[in-house]
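Below is one structure, written out as structure tokens, with a few remarks after it.
Please read these numbers as outputs of a predicted model, since none were measured by experiment. Naming: A, B, ... by sequence-line order, numbering from 1 per chain.
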There are 2 protein chains.
Amino acid sequence: MEVNKPDTATRILDVAERLFVEHGFEATSLRMITQQAEVNLAAVNYHFGSKDALFESVFMRRIGPFVAACLAELDTLEQSGQALTAEQLVVSFIRPCLALSKDPARGGALFVRLMSRTLVENHRLLREALNQQYSIFVQRYTSAFQRALPQFGAEDIAWRMHFAFSVMFNAFAGNDVLKIFVRSQVVTARDPDMIVKHLVPFVVAGLTAPI
Amino acid sequence: MEVNKPDTATRILDVAERLFVEHGFEATSLRMITQQAEVNLAAVNYHFGSKDALFESVFMRRIGPFVAACLAELDTLEQSGQALTAEQLVVSFIRPCLALSKDPARGGALFVRLMSRTLVENHRLLREALNQQYSIFVQRYTSAFQRALPQFGAEDIAWRMHFAFSVMFNAFAGNDVLKIFVRSQVVTARDPDMIVKHLVPFVVAGLTAPI
DNA sequence: GTCTATACGGAGATAGAC
DNA sequence: GTCTATCTCCGTATAGAC
């Protein structure tokens, strides 16, 4: 059996995922994808409709399981019956990010970067497509944070969640906003475990800061 | 006198700035720009060399004065001779952002968004071009934060500055990472004054959090 | 020095044969 | 399902007018 030759659509998805992460969406041409996937140029449009829709398919294949993993973490926490802390909620999001970044079968660190960059950049191609899964995610975390931080109003919580998730996605996106040299070495936000070590205290402090 | 007709290069810069912010770099074609600027298609390549170089010129026209404004704020603070707080440093960056966003003559809120998005996304076109001005900016803020937060090592400061500036740029980029509904209204990070009111406490708390 | 008209190769998309 | 041929639009380069 042809274990090394999945069907056409899957071959396209696999190659496209890698190339989109490596070179970005715009810099990746359909001709590059179809050549490496060993399929005809028109196969992309036949199976996915357009380059835009291919990107959406690449993204949607991974994002569902990721969101499910976050919600499962939330479920486990909430079933304990105890009052949750902001730190527990932050970790419930970061842990699936780490797990995903260490699982090559689901895209690995490259997909985490793609996901984070796409969300941070609020990519036009996903504003509509994401809404369904995304809104469940946002609602669950919003109500969890409202219970964890009862001293703040709903609007304050919303702002802080905006900031918290923008730091976290940015950290995993790996686009260093600053280039800071410490002892002639650039401090670069790429190693997942180092990110988490510094990220969690920062985010938790921001979320819980007195008004 | 033709007050409404600046020279060709300036007309191109003005139109390009607006279109890059409204539609993004890739989605803005030279034909759109030259048509609206009422110049010939070839004028862009004649005056700027390429579409990439045009983007760089659009950016560089505004970024110099902005960086200068931040450094002037730092100068004023440091001349007081008093020990500075993290909050003062955060405000010294945010105040020029606000001022710029309210000055249409220097690009206004649209340029603040363009600047923030470009930096957050670590745009390939500016990684090299920005380095000169940017490195002065980073060095000044790094040493200022090291003095304001002497309890932390250089590496911890670097990480926290990464996170702090990524939140701030993200906030001004206006790409809402989350869509949170409060009383049926989306809490959206677009109004500069509202951003600052919530942003400063979050960032300062993150920067000063105990390890 | 500036500006215009135009041509070229590469991109994504698509109709139609097989 | 797959593949070829072809379409339009993109950024770019250049020859030549003023």
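- Residue B:Tyr46 contributes atom OH, which lies 17 Å from atom P of D:dC18 at whole-angstrom precision.
- Two residues are said to be in side-chain contact when any heavy atoms from C-beta on lie closer than 4.5 Å; A:Phe111 and A:Arg106 fail this criterion.
- Between B:Arg61 and B:Asp14 there is a salt bridge, since at least one side-chain N of the basic residue sits less than 4.0 Å from a carboxylate O of the acidic one.
- Side chains of A:Trp159 and B:Ile195 form a contact here, defined as non-hydrogen atoms less than 4.5 Å apart.
- As rounded to whole Å, 16 Å separates atom C1' of D:dG11 from atom CZ of B:Phe55.
- Across the protein-nucleic acid pair, B:Asn40 atom CG and D:dA15 atom C1' stand 13 Å apart, rounded to whole Å.
- Distance from the side chain of A:Thr8 is smallest to D:dT2 among C:dC3, D:dC3, D:dT2.
- Within the nucleic acid shown, A:Ala42 comes within 4.0 Å of at least one base atom, counting heavy atoms only.
- Between A:Lys197 and A:Asp191 there is no salt bridge, since none of the side-chain N atoms of the basic residue sits less than 4.0 Å from a carboxylate O of the acidic one.
- Listed by first then second residue, pairs satisfying side chain to side chain donor-acceptor pair (under 3.5 Å) with a partner in residues 25-34 of chain B number zero, not counting sequence neighbours.
- Summarising the geometry, the separation between CZ on A:Phe48 and P on C:dT14 is reported as 16 Å, rounded to the nearest angstrom.
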Enumerate donor-acceptor pairs with a distance under 3.5 Å from any side-chain N or O in residues 36-49 of chain A to protein atoms, sequence neighbours excluded.
from: A:Gln36; atom 1: OE1; to: A:Arg18; atom 2: NH2; distance (Å): 2.8
from: A:Asn40; atom 1: OD1; to: A:Ala42; atom 2: N; distance (Å): 2.8

Polar atom pairs between nucleotides 11-13 of chain C and protein, under 3.5 Å, N or O only, would you list them?
from: C:dG12; atom 1: OP1; to: A:Leu30; atom 2: N; distance (Å): 3.2
from: C:dG12; atom 1: OP1; to: A:Lys51; atom 2: NZ; distance (Å): 3.1
from: C:dG12; atom 1: OP2; to: A:Leu30; atom 2: N; distance (Å): 2.8
from: C:dG12; atom 1: N7; to: A:Arg31; atom 2: NH1; distance (Å): 2.8
from: C:dG12; atom 1: N7; to: A:Arg31; atom 2: NH2; distance (Å): 3.3
from: C:dG12; atom 1: O6; to: A:Arg31; atom 2: NH2; distance (Å): 3.4
from: C:dA13; atom 1: OP2; to: A:Lys51; atom 2: N; distance (Å): 2.9

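- B:His47 has no side-chain polar atom (N or O) that falls below the 4.0 Å cut-off from OP1 or OP2 of C:dG1.
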